[in-house]
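Some notes on the structure that comes next.
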Amino acid sequence: MAGSLRKPTLDSCPYSSSDTDDEGVRGTCEDASICKRFAVSIGYWNDPYIQHLVRLSKERKAPEINRGYFARVHGISQLIKAFLQKTECHCQIINLGAGMDTTFWILKDQDLLPSKYFEVDFPVIVTRKLHSIKFKPLLSKPILELHSEDTLQIDGYTLDSKRYAVIGADLRDLSELEEKLKKCNMDTQLPTLLITECVLVYMTPEQSANLIKWAASVFGTAMFINYEQVNMDDRFGQIMIENLRRRQCDLAGVETCKSLDSQKERLLANGWETAAAVNMMELYSRLPQTEVSRIESLEFLDELELLEQLMRHYCLCWATKGGSELGLTEITF
């Protein structure tokens, strides 16, 4: 049968790996994914794709956790959409440490896809995601619809298609990272949005600085979004650190998470021209009141003080380089 008439299929190539490092960090991906899945299941936001990537926890998550994830997802989504609007989607997005993120599918549904969407994570996490994509039509069909060829090759720890790529790589190995991105047709001339969510804090300050500096040097016009901990010097922050250490998960880069100023300074010191940051309680207070009323009606919260403490220990930062003619410096929350 002629190739142009064949029904698109997903093919996979065999691979083997003995990747056993960074198990604690990889566990945080599982935790975050399960928390998002639970929040979606009780109506905090709509995501028809996450159920095909993440199991539903039998354990009910605390209301303050659910509201925190709502603010996180909403805040990052707003910044992504602002970047896409400024660039009229003639851009690329690179999600570093993407885990089971579903943004690609949601943007496609909203007709807001960039020229290409890239995801990078540990190879073992990428393997799980590619397995779900291969066997779940709701995930594979949107990718194939945009693909220019009859078949889509999953080669080892990589999926590459016309508009979407998933890459298994270590973010601490920048030469490997850049090589793999370029192999999947990353275009350094395109305006580029890079996203990290609770990723940099698990790297040493030197490693995260190198990643941020690499991003600023490779792309002439770019924006960087970072979501992670802040105000970690106080007692509440120390309890967070101790809890993670008990699970064999060390926050190697916590010294950069002292304040909003230290977060912004890291970006400005490593090649970015503008930087802004808000803690998540401040962001929560800026959410549309109709949305806040809706989510607050979903479940009762009797620990308002705990919610405020938790939200003040996470922040959303964004930085820009170039792009003044596009209005990137005007983007805010």
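The structure displayed is predicted, hence computed values, not measured ones.
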Check: Phe38 and Tyr69 side chains under 4.5 Å, non-hydrogen atoms: no
Heavy-atom side-chain proximity of Lys134 to Ser140 below 4.5 angstrom: no
Pairs where residues 83-104 contributes a residue and the test salt bridge (Lys or Arg N to Asp or Glu O under 4.0 Å) is met, not counting sequence neighbours: Lys86-Glu330
Same apolar cluster (I L V M F W Y, side chains within < 4.5 Å links), Val230/Met232: no
Flag side-chain contact, heavy atom, 4.5 Å: Arg72 against Met311: no
Evaluation steps, side chain to side chain donor-acceptor pair (under 3.5 Å), between Thr274 and Thr320: CA-CA 5 Å; Thr274 72; Thr320 65; 2.4 Å; yes
Members besides Trp272 in its Ile/Leu/Val/Met/Phe/Trp/Tyr cluster (side-chain heavy atoms under 4.5 Å): Ile94, Leu96, Phe118, Val120, Ile167, Leu171, Leu174, Leu177, Leu181, Met186, Leu194, Val199, Leu200, Met203, Leu211, Ile212, Trp214, Val218, Phe219, Phe224, Leu267
Basic-acidic side-chain contact under 4.0 Å: Glu282, Arg286: yes
Lys81 vs Ser77 side-chain heavy atoms within contact, under 4.5 Å: yes
Interatomic distance, Leu316 atom CG to His74 atom NE2 [nearest 0.5 angstrom]: 11.0 Å
Pairwise side-chain hydrogen bond (donor to acceptor under 3.5 Å, both in side chains) hits with a residue in residues 159-169, at least two apart: Lys116-Asp160, Glu119-Tyr164
Candidate pair Leu301 and Leu307, rule side-chain contact (heavy atoms from CB on, under 4.5 Å), full reasoning: CA-CA 9 Å; Leu301 172 70; Leu307 172 70; 3.7 Å; yes
Distance-minimising heavy-atom pair for Ala98 and Asp121: N-OD2, 3.3 Å
Non-hydrogen side-chain atoms of Leu53 and Ser33 separated by less than 4.5 Å: no
Interatomic spacing from CZ in Arg172 to CG in Asn210 - rounded to 0.5 Å: 12.5 Å
Leu190-Ile195 co-clustered via ILVMFWY side chain contacts under 4.5 Å: no
Atom of Pro142, atom of Pro137 and distance for their closest heavy-atom approach: CD-O, 4.0 Å
Under 3.5 Å donor-acceptor, Trp318 side chain and Phe333 backbone: no
Whether Ser293 side chain and Thr290 backbone form a donor-acceptor pair below 3.5 Å: no
Gln110 CD: over 12 foreign heavy atoms closer than 6.0 Å: yes
Same apolar cluster: Ile225 and Leu268, side chain cutoff 4.5 Å: no
Main-chain N/O of His52 paired with Lys136 side-chain donor or acceptor, under 3.5 Å: yes
Pair Tyr227 + Tyr314: ring centers closer than 6.0 Å: yes
Test item: Leu139 and Ser132 side chains (from C-beta on) under 4.5 Å apart, heavy atoms: yes
Considering all heavy atoms, the nearest Ala169-Pro123 contact: N-CD, 4.0 Å
Qualifying salt bridge (Lys or Arg N to Asp or Glu O under 4.0 Å) pairs with a residue from residues 221-243, counting only residues at least two apart or across chains: Glu228-Arg266, Arg235-Glu242
Smallest separation among heavy atoms of Ile50 and Lys36, with atom names: CD1-CB, 3.7 Å
Contacts of type side-chain hydrogen bond (donor to acceptor under 3.5 Å, both in side chains), residue Glu255, not counting sequence neighbours: none
Full working for side chain to side chain donor-acceptor pair (under 3.5 Å) between Gln92 and Ser115: CA-CA 6 Å; Gln92 60 193 358; Ser115 300; over 6 Å; no
Side-chain donor or acceptor of Thr204 paired with backbone N/O of Gln207 under 3.5 Å: yes
Audit row: Tyr157, Val124, side-chain contact (heavy atoms from CB on, under 4.5 Å) steps and yes/no: CA-CA 8 Å; Tyr157 297 119; Val124 69; over 6 Å; no
Side-chain (Lys321) to main-chain (Gly271) donor-acceptor, under 3.5 angstrom: no
Common cluster, Tyr44/Phe300, ILVMFWY with side-chain heavy-atom separation under 4.5 Å: no
Test: Glu291 and Arg294 ion pair at under 4.0 Å: yes
Pair Glu299 + Lys61, salt bridge at N-O below 4.0 Å: no
Within 6.0 angstrom of Glu59 CD, more than 12 heavy atoms from elsewhere: no
Residue pair Leu84 / Pro114: nearest heavy atoms and the distance that separates them: CD2-CB, 4.0 Å
Minimum side-chain heavy-atom gap Leu146-Phe104 below 4.5 Å: yes
Side-chain donor-acceptor pair present, Tyr49, Asp109, cut-off under 3.5 Å: yes
Same cluster (ILVMFWY, side-chain, under 4.5 Å), Ile154 and Ile125: yes
Asn243 atom CG: more than 12 heavy-atom contacts under 6.0 Å: yes
Interatomic spacing from SG in Cys91 to CG in Asp187 - rounded to 0.5 Å: 11.0 Å
Heavy-atom side-chain contact between Thr192 and Phe83 under 4.5 Å: no
Separation of Met223 CE from Leu326 CG (nearest 0.5 Å): 12.5 Å
Flag for Ser175-Asp173: side-chain donor and acceptor within less than 3.5 Å: yes
Spatial distance of atom CZ (Arg60) from atom CG (Asn66) [nearest 0.5 Å]: 7.5 Å
Stepwise side-chain contact (heavy atoms from CB on, under 4.5 Å) test for Leu79 and Thr332: CA-CA 7 Å; Leu79 291 177; Thr332 189; over 6 Å; no
Atom pair CG (Asn279) and OG (Ser285), whose distance is rounded to the nearest 0.5 Å: 8.5 Å
Side-chain (His313) to main-chain (Asn231) donor-acceptor, under 3.5 angstrom: yes
Shortest non-hydrogen contact between Leu138 and Pro48, atoms and distance: CD2-O, 3.6 Å
Residues, nucleotides or ligands: over 12 heavy atoms within 6.0 Å of Glu145 CD: yes
Connected-component partners of Ile239 among ILVMFWY, side-chain separation under 4.5 Å: none
Donor-acceptor pair, side chain of Gln263 and main chain of Gln229, under 3.5 angstrom: yes
